[in-house]
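Written out below as structure tokens is the structure these notes cover.
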Number of protein chains: 2
Amino acid sequence: MTTLAEVAQVAGVTAATVSNVLRGRGKVGAETRQRVLAAVEATGYRPNLMARALVEGKPSTLALIVSSIANPFYPEFALEVERAARRLGYFLLVCNTNDDPAQERAYLDAVGGSLAQGVIVMNADFVQTDQLIALRQRGVPVVLCMWERPQEPPNLPCVSVDFYQAGVLAAEHLIKLGHRRLGAVVASDPTGNHRWRYQGFIDTVHRAGLPWTDAQVNFGHDTIDDGRNSAHGLLAACPDLTGLFVSNDLPAFGVLQAAAELGMEVPRDLSVIGVTDIQLAHQMRPALSTVAVPTAEAAGLAVDMLMSVIQSPPSAPPPMVITSPPRLVVRASTAKPRRTAS
Amino acid sequence: MTTLAEVAQVAGVTAATVSNVLRGRGKVGAETRQRVLAAVEATGYRPNLMARALVEGKPSTLALIVSSIANPFYPEFALEVERAARRLGYFLLVCNTNDDPAQERAYLDAVGGSLAQGVIVMNADFVQTDQLIALRQRGVPVVLCMWERPQEPPNLPCVSVDFYQAGVLAAEHLIKLGHRRLGAVVASDPTGNHRWRYQGFIDTVHRAGLPWTDAQVNFGHDTIDDGRNSAHGLLAACPDLTGLFVSNDLPAFGVLQAAAELGMEVPRDLSVIGVTDIQLAHQMRPALSTVAVPTAEAAGLAVDMLMSVIQSPPSAPPPMVITSPPRLVVRASTAKPRRTAS
DNA sequence: ATGAAAGCGCTAACAC
DNA sequence: GTGTTAGCGCTTTCAT
């Protein structure tokens, strides 16, 4: 592991000079620069990022905390965050907590210990918010991303997406198509992070004067299997449902499968709409209708916000920014109901 | 950002003592320890990992380089690597190169600059091997994971999986089922990293005395869309194919879709088998038959090997370890051909 | 049992 | 233009 001093010795100069040519600071003679560059090349020198981070008081790393990298949404999102981070000269540390508070604590501590200069936290609902607030008060830049309810900002900097509106759009779509017997598969508990998108959906259903009972909704987790199970339960309890709102794309895939298993054809016998528009959504058969959420935009905004939080004092009021609104994407899993509702 | 010195001052001791109690080294009076712990608690102190890495000469981070985090296989794999790394007290830096040599270089340089203590590289075929060898010679621990051909080890430490055998198993399965007109969708170029699994397949086909022409194989990329396109091309050229080998699960999903689009029913009209057994494979409809590869095992072995490489001199001959063999997993996408082959 | 001191590799003032 | 110096926050001998 070559060090600055060694390069300096080879070039016959001092460490400071090498540092200067490498970072383009200060004045260096053209001929000296050549010798230094040659020495760097010859020794295969790479600056020690730890040492640099130490003296500069901050590492060249940003952290992203996600609950489950196995859920395809997060990699897609991480990709965007990384892209934005790299543009700014940062590396991205993707921290997967597996929904485990202990792991989450460990990562947060590490970030607090300057493993990264700042941290973007997804799914703040799973995270101990007070822990995050403590972190912020200790001076660690924290931003929440994909906060689901702009109207109820948390006490932390955040990038907000109007998921309530996503629920509204989904419901409106189904209703406009002529569906009157709707159901919902929610991939969190009633107080979990999908509550707002469900609220948007249900409010719209009520506003349309459609009948609704609790038998028409099922709560579960954000997985294909849970989506499938929920759909089976729902369809067993209410066989006459013609349209299903699913609070995320992944469980929507499971719903699609459940329908097939029950001999129902989508969208002829059942319309299904998800939320998010992950890449797989358009690759499913039938291609999934969904409410697209501005993932890339949120990622970019989160990095921008992190940058500004890094520069502002911890006492400043937590900023919030809202992405552009969700967008309805109609594909092949939704259509007019076959038999008109009663 | 509290420092050791500050904690020491609060506790009325010196930094060395605080360090000692925190790391359980040296002798510390029981009562002093209490005061120190209290001070740590009061100040919310977190050790600066950069400073620690600097003095210890190595960071507490391992890096994993993958070509595309958007491909669901990598997150699954990364999860396992992280699990293994954390058990050993390391953080995992997931570096996504997007198949871009420039990004790859950047990450490799960063690792060379002690961003991480060692690096696990996937898909070595996409990576400039000479770059990796140079890295290793500069003393950076490198291990290749998922090397696809144990019989032809690279000149670097590696964890090998017998993908040739995976191709063999897939072919045998199809042939035993009675298929005689087979096709192959390969998700890399003919000299790419899927060449060996394809070789295993084709060797087995030949050994069985089955007819074969180049029209029966199509090369592409490791995506659903490419799988779909390849299948369309293949099936247009050879409409009488009854069994398709696909070199990876993701493109196999695309093949499933192409079949549906062509009005073919799987497995009645066409059998499809993939390789890897990613989680989505059993969640697809029809559930995908595939040759499972020991992902978690490979991940664990890679971390173990990295640990041993860290301790051994760079001049040592590169070790290689082979995982347990791939395993046939029969699900719903393969069956006996409907009409017997000519 | 605790403290003092050196130094990890680097950068940034400032001096020459 | 280039060198000297002083740390960044931590761990680790070595004194005391």
Side-chain angles (χ1 to χ4, degrees), chain A residues 1-37 39-40 43-61 89 109-117 138-140, chain B residues 1-37 39-40 43-60 109-117 138-140:
Chain A
M1 211 79 305
T2 325
T3 73
L4 243 203
E6 290 167 2
V7 178
Q9 196 174 359
V10 171
V13 294
T14 178
T17 303
V18 178
S19 177
N20 279 336
V21 355
L22 255 29
R23 330 204 61 231
R25 307 297 201 79
K27 307 271 161 228
V28 204
E31 189 249 357
T32 317
R33 146 172 286 110
Q34 288 315 316
R35 259 184 315 151
V36 169
L37 258 19
V40 167
T43 52
Y45 169 76
R46 296 289 179 283
N48 184 319
L49 300 177
M50 300 289 152
R52 182 176 286 176
L54 183 56
V55 50
E56 289 184 339
K58 57 202 181 163
S60 51
T61 320
D109 274 355
V111 173
S114 318
L115 215 213
Q117 194 176 148
R138 294 220 323 277
V140 180
Chain B
M1 210 81 304
T2 325
T3 73
L4 243 204
E6 290 167 3
V7 178
Q9 195 174 359
V10 171
V13 295
T14 181
T17 304
V18 179
S19 178
N20 278 337
V21 355
L22 256 28
R23 328 206 64 229
R25 307 297 201 80
K27 310 269 161 229
V28 204
E31 188 249 356
T32 317
R33 146 172 286 108
Q34 288 315 316
R35 258 185 313 151
V36 169
L37 259 19
V40 167
T43 53
Y45 169 75
R46 296 291 179 283
N48 184 319
L49 299 178
M50 299 289 153
R52 182 176 286 174
L54 184 57
V55 53
E56 290 183 338
K58 56 197 183 173
S60 52
D109 274 356
V111 173
S114 319
L115 214 212
Q117 194 177 149
R138 295 220 322 278
V140 180

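Scope of the values below: all heavy atoms of this structure, side chains included, with no hydrogens, waters or symmetry mates. Chain identifiers are assigned alphabetically (A, B, ...) following the order of the sequence lines, protein sequences preceding nucleic acid strands; residue numbering begins at 1 within each chain.
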- request: For residues Q117(A) and V111(A), determine if any side-chain heavy atom of one lies less than 4.5 Å from a side-chain heavy atom of the other.
  value: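 The answer is no; the side chains never approach within 4.5 Å.
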R46(B): side-chain hydrogen bond (donor to acceptor under 3.5 Å, both in side chains) partners, not counting sequence neighbours: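 Residues passing side-chain hydrogen bond (donor to acceptor under 3.5 Å, both in side chains) with R46(B): D109(A).
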query: Is a donor on one side and an acceptor on the other found under 3.5 Å between the side chain of E6(A) and the backbone of T3(A)?
result: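 Yes; at least one donor-acceptor contact below 3.5 Å.
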query: Is it true that a side-chain atom of R138(A) and a backbone atom of G44(B) form a donor plus acceptor pair closer than 3.5 Å?
result: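 Side chain of R138(A) to backbone of G44(B), a donor-acceptor pair under 3.5 Å: yes, one is there.
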- request: Determine, for nucleotides 6-16 of chain D in 5'-to-3' order, which nucleotides have protein heavy atoms under 4.0 Å from the base (write B), from only the sugar-phosphate (write S), or from neither (write -).
  value: -BBBSBB----
- request: Scan T32(B) against the nucleic acid and name what it touches under 4.0 Å (heavy atoms): base, sugar-phosphate only, or nothing.
  value: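 Sugar-phosphate contact only.
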query: Within this structure, what is the NZ-to-P distance between K58(A) and dT11(C), rounded to whole angstrom?
result: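 That distance rounds to 13 Å.
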Solution key, residues 8-18 of chain B side-chain donor-acceptor pairs under 3.5 Å, sequence neighbours excluded:
none

